Amino acid sequence: MTSQSRSELISKLNGMIHDCLKDYVSRDEPLAILDFPDIRNCGDSAIWLGEMAYLKDRFGKRPDYVSRLYDFSADELKRRVPTGPIFIHGGGNFGDIWVAHQDFRESIMERFPDRQIIQFPQSIHYSSPERIEQSKRAIGRHKNFVLLVRDEESKEFSEKHFDCTVRLCPDMAFAIGPLPERATQIPVLAMLREDAERVGGTDRTIPSDIPVEDWITESKRKVDIAKKLGVASAYLALKPSEVALRRLDAAAHNRFERGISQISRARAIVTDRLHVHICSLLLGRPHAVLDNSYGKIRRFMNAFSGGTDLSYKATSLEDGIEWARRQAAKGRVDAKEAVSLRA
């Protein structure tokens, strides 16, 4: 896949994002975004930064109110955003794996029955029929909920069970746009989940020369410093109303940079994380893709991002490692030839 075709794919997906969202945002009306991902997972920060980039690039605006799960204030939302849409951060927590987020989402529908609520793109997964019914009742009572989903299976499920507008939309991280090339340090990196969406047990067999990592380890001190600098920037810009937003934005930038620095070390990557796949596309880095526990990555690739030379749907971990080794060796040869030509 050439750099130009990578740019074309990202541009195409950004156009699809805008087609889904343009009717719900205006330059003159305030908006809120709830459920900021103040967590270690770099992928959630990539989604957040894509949401911010979309609003800035398309509408020249920022959210007027943001909150995390645990510091949400209905009174503050009403004060800052008395009219206009309420957006909920996107990702892969719609359903009953990450229950706290679903509980929060349904509580917002109950508290704001007369406001339009738009769910940024999500993957849907339920195991419990009882929880499906609970979500169905919450959405049915609200009457003005818009659900954006990241794959056809989620769309079919939502249209079957939920009485709301459902639209197929790419992940918001693509709104970040192409990332500049970075120097590599190692041939292959395995970026594999260690959380509730991991496939298999602890007996992964991986060659000793391949580092095995996840991107949920962080320095709390560095994130705290980033947050404080974000707060200071709001006061220096004489925008005290942006203190909360700039603090959280700074944390997201810190985490995103950590993740990009981590994966860009390798000439090729093996992963079962959706946003390692997406960020590898933004970087132009070849990567072999396994799946998570419920098929989220393959479903997304089938809908939007599959079929490129940069990504390979591996049939097993061993198959993915073998493909990544070949890509890393090819990348090393290409780099040597480029140096030779410049000389």
Side-chain angles (χ1 to χ4, degrees), residues 9-25 33-35 37 43-44 46-48 50-51 54 85-99 101-102 104-106 108-109 116-175 197 272-275 277-278 281 289 291-308 311 313:
L9 171 66
I10 295 169
S11 177
K12 174 186 174 182
L13 296 181
N14 272 303
M16 295 173 71
I17 289 171
H18 187 51
D19 286 343
C20 287
L21 286 169
K22 62 185 179 183
D23 294 335
Y24 307 116
V25 184
I33 304 181
L34 310 184
D35 195 8
D44 287 283
I47 298 170
W48 175 266
E51 292 162 356
Y54 172 77
I86 299 171
F87 284 84
I88 302 177
H89 174 65
N93 57 36
F94 199 112
D96 56 11
I97 294 181
W98 308 101
V99 177
H101 297 276
Q102 191 65 23
F104 177 74
R105 184 177 294 114
E106 292 171 12
I108 296 301
M109 295 182 206
Q116 185 172 60
I117 299 175
I118 300 102
Q119 173 63 68
F120 275 124
Q122 279 273 351
S123 300
I124 313 296
H125 180 76
Y126 286 85
S127 297
S128 164
E130 292 78 17
R131 189 63 205 237
I132 295 173
E133 287 302 312
Q134 179 178 326
S135 299
K136 180 178 180 178
R137 289 192 297 270
I139 292 171
R141 286 193 297 265
H142 188 268
K143 302 298 185 184
N144 199 7
F145 180 65
V146 178
L147 176 56
L148 306 182
V149 296
R150 303 188 297 195
D151 56 74
E152 291 284 358
E153 290 83 352
S154 293
K155 183 173 183 288
E156 291 175 10
F157 177 93
S158 300
E159 289 176 338
K160 176 181 177 181
H161 292 283
F162 304 144
D163 181 16
C164 65
T165 299
V166 181
R167 302 188 69 176
L168 185 66
C169 184
D171 188 271
M172 293 301 297
F174 281 104
E197 295 181 36
D272 57 1
R273 279 198 174 274
L274 174 59
H275 283 89
H277 160 61
I278 291 174
L281 289 175
V289 180
D291 219 334
N292 77 324
S293 61
Y294 63 89
K296 174 172 69 178
I297 308 176
R298 297 295 177 89
R299 284 160 35 177
F300 183 82
M301 292 178 73
N302 290 340
F304 297 114
S305 59
T308 75
S311 56
K313 296 177 182 178

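Predicted model, so just to flag it, every value in this text is computed and none were measured.
For the atom pair CG (L9) and CZ (F304), the distance works out to 11.0 Å, reported to the nearest 0.5 Å. Here CD1 of I10 is found 7.0 Å from CG of L281. Values are rounded to the nearest 0.5 Å. Distance check: K136 NZ to S158 OG gives 12.5 Å after rounding to the nearest 0.5 Å. For the atom pair CE (M172) and CD1 (I17), the distance works out to 5.0 Å, reported to the nearest 0.5 Å. Taking CE from M109 and CG from N144, the interatomic distance works out to 11.5 Å, rounded to the nearest 0.5 Å. The NZ atom of K313 sits 4.0 Å away from the CG atom of N302 when rounded to the nearest 0.5 Å.
Within the 4.5 Å cutoff, no side-chain heavy atoms of I117 are placed close to those of V146.
Closest approach of R299 to S154, counting heavy atoms only: NH2-OG, 2.9 Å. Between H89 and I47, the shortest heavy-atom contact is CE1-CG2, 3.5 Å. Taking every heavy atom of both residues into account, A303 and D151 meet most closely at CB-CA, 4.1 Å. The nearest pair of heavy atoms linking G43 to H275 is CA-CB, 3.5 Å. Across every non-hydrogen atom of P170 and P121, the tightest pair is O-CG, 3.2 Å. The shortest heavy-atom contact between V289 and M301 is CG1-SD, 3.7 Å.
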Quiz item: side chain to side chain contact (heavy atoms under 4.5 Å, CB included) between C164 and V166: does it pass, once the steps are laid out?
Solution: CA-CA 6 Å; C164 65; V166 181; 3.9 Å; yes

Quiz item: Does the side chain to side chain contact (heavy atoms under 4.5 Å, CB included) test come out yes or no for F145 and I118, once each step is laid out?
Solution: CA-CA 6 Å; F145 180 65; I118 300 102; over 6 Å; no

Exercise. Apply side chain to side chain contact (heavy atoms under 4.5 Å, CB included) to the pair L148 and L21, showing each step before the final yes or no.
Key: CA-CA 9 Å; L148 306 182; L21 286 169; 3.5 Å; yes

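No salt bridge links E156 with K160; every basic N to acidic carboxylate O contact stays at or beyond 4.0 Å.
Counted within 6.0 Å of CG on D163, heavy atoms from surrounding residues, nucleotides or ligands total 12 or fewer; the atom is thus considered open.
Side-chain atoms of H277 and S311 include no donor-acceptor pair closer than 3.5 Å.
Without hydrogens or angle criteria, Q119 side chain to I88 main chain gives a donor-acceptor distance under 3.5 Å. A donor-acceptor contact shorter than 3.5 Å links the side chain of N14 to the backbone of F174. In this structure, the side chain of E153 does not engage the main chain of I124 through any donor-acceptor pair within 3.5 Å.
Annotation: side chain to side chain donor-acceptor pair (under 3.5 Å) contacts involving residues 121-132, sequence neighbours excluded, comprise N93-Q122, Q102-Y126, D103-R131, E106-R131, S123-R150, Y126-S135, S128-E130.
Just one residue in the list F87, W48, Y24, F94 forms a ring pair (Phe, Tyr, Trp, His ring centres under 6.0 Å) with F120, and that residue is F87.
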